[in-house]
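These notes are about the structure you will find just below.
Everything quoted here is computed from the prediction, not taken from an experiment. Within every chain, numbering begins at 1; the chains are lettered A, B, ... in the order of the sequence lines, protein sequences first and strands thereafter.
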There are 2 protein chains.
Amino acid sequence: MPSDHAALMAIGEAVTVRPGSKLFRQGDTGTHIYMVESGVVRISHDLPDGKRQVLAFRWAHDVFGMAPDGWYFNNADALDKGRIVRFHTEKLQGLLLARPHMQHRFLLKATAEISLQQHRIILMSKYDVVTKVVAFLLECCRKDQYFDSVTRILTLPMSRPDIADYMGVATESVSRALGVLERRKVIHRHDMHHLAIDLSRLRECARL
Amino acid sequence: MPSDHAALMAIGEAVTVRPGSKLFRQGDTGTHIYMVESGVVRISHDLPDGKRQVLAFRWAHDVFGMAPDGWYFNNADALDKGRIVRFHTEKLQGLLLARPHMQHRFLLKATAEISLQQHRIILMSKYDVVTKVVAFLLECCRKDQYFDSVTRILTLPMSRPDIADYMGVATESVSRALGVLERRKVIHRHDMHHLAIDLSRLRECARL
DNA sequence: CGTATGTTTGAGGATTATCAATGAAAGTGG
DNA sequence: CCACTTTCATTGATAATCCTCAAACATACG
């Protein structure tokens, strides 16, 4: 009996993506479940009035593309070049039903996701802009592939509007928050997508 | 082989609760998973500075009490008298592993929950106070046990601070929003916990 | 090299939180 | 059962945060 991982890969389809690749659009029929192997994917939702909410960034090992109603509620776009694996929903369901422990790992992943979203709701409704940006940076610094712990350089694959729409604030507010943090010597903007980070000071800024 | 439901009840423990009953506190070790049979449970989280976020109200058939890290992150309090069933986490896990289809229903419930929370994040970061209150009222009107569709009376088991902390606004803002809706003849406050609702007008108010 | 896109900074305005006061409801103990 | 206390709800005035608009600047792309 093949291992869970091998069985998954057997029904999976690997895709290499370039920055800007669209994985799916909101309204598309939800045929696949996706998992990130490398790179970053932006999950976003467009509103009737033209505003956009970024609901998540999905990094290595994250799952996305669940469509409980049969169609995708969100857009998924690659921000980086990377590798994504996707699974036909029915095939994955069959595999999960045949492998209870594997399904249980998915269930745990889902409950962990619920817990993370609860943290996010708290962050977005109770804290000011600077704190939100600090929390966002801390989140990014946990991704080894994007934060070099020796040089302390954080590479941000997303734009300022992406960050703003993720935290539910205006783009300009993100810029100003970064300005505040730079004046406090918590970060240093090397260029738009590369920040030098003083992790201990950054953690002090987070009164969570 | 007993049905899934019977098997669940066999390992479950029913509890009757009075208004104000504490089911668990944040920080308690997470020993049980809960399911509401009747009544309403408030899931909330206290912050260091004394502020509180209400993360969810759990109605009939809703599940709560998942503790991915082994301890509860939130408080759970009954708002109403009602019946709750709780399951030892390990026993439930054993049952789920033995019954893949039952586990799959839990997985679907979890992904549906993730989807609902995404709606909530959008609601809380993109809309104004009145729209938030409208969305909250519409959510409550879907609960047959609390909205009488012939008299059009909605019974709210929660207080204004509960609603405010749920939507991430100030208590006073909820009062003002209800005042606006009453002046627009969308609702009529019979008393604090009983609103007469004009559903079609309420739906018009929701530009979601 | 020019255009389009993304970023930063400033000024003004709008929404909502905070503070304060009043009134209503509910729970407590005599 | 009633006075008392406490909590909850509503309304008004003020203040703060953040969004919007606008311009200057930097960067990326054809």
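Between B/Arg25 and B/Asp77 there is a salt bridge, since at least one side-chain N of the basic residue sits less than 4.0 Å from a carboxylate O of the acidic one. Comment: B/Arg58 engages B/Glu113 in a salt bridge, judged by a side-chain N to carboxylate O separation of less than 4.0 angstrom. Contact check on A/Asp4 versus A/Arg105 returns a salt bridge, with a Lys/Arg side-chain nitrogen under 4.0 Å from an Asp/Glu carboxylate oxygen.
Using the six-membered ring where Trp is involved, B/Tyr34 and B/Phe64 have ring planes that are parallel, under 30° apart on the 30 and 60° scheme.
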Item to check | nucleotides 9-16 of chain C: protein proximity per nucleotide (B base, S sugar-phosphate only, - neither; heavy atom, under 4.0 Å) | outcome: BBB----S
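Straight-line distance from the CG atom of A/Leu156 to the P atom of C/dG6: 16 Å, rounded to whole Å. The separation between B/Arg160 atom CZ and C/dA25 atom C1' is 12 Å, rounded to whole Å. C/dT8 atom C1' lies 14 Å from atom CG of A/Leu195, rounded to whole Å. Computed from coordinates, the B/Asp49 CG to C/dT18 P distance equals 10 Å when rounded to whole Å.
Looking at A/Ser38 and A/Gln145, their side chains never bring a donor and an acceptor atom within 3.5 Å of each other. Judged by distance alone, the side chains of B/Ser44 and B/Asp46 never bring a donor and an acceptor atom under 3.5 Å apart.
Qualifying ring pair (Phe, Tyr, Trp, His ring centres under 6.0 Å) partners for A/Phe73, counting only residues two or more places apart in sequence or in other chains: A/His45, B/His119.
A donor-acceptor distance shorter than 3.5 angstrom exists from the side chain of A/His193 to the backbone of A/Leu156, with no hydrogens or angles considered.
Running 5' to 3' along DNA chain D, contacts with non-hydrogen atoms of chain B at under 4.0 Å begin and end at D/dA9 to D/dA13.
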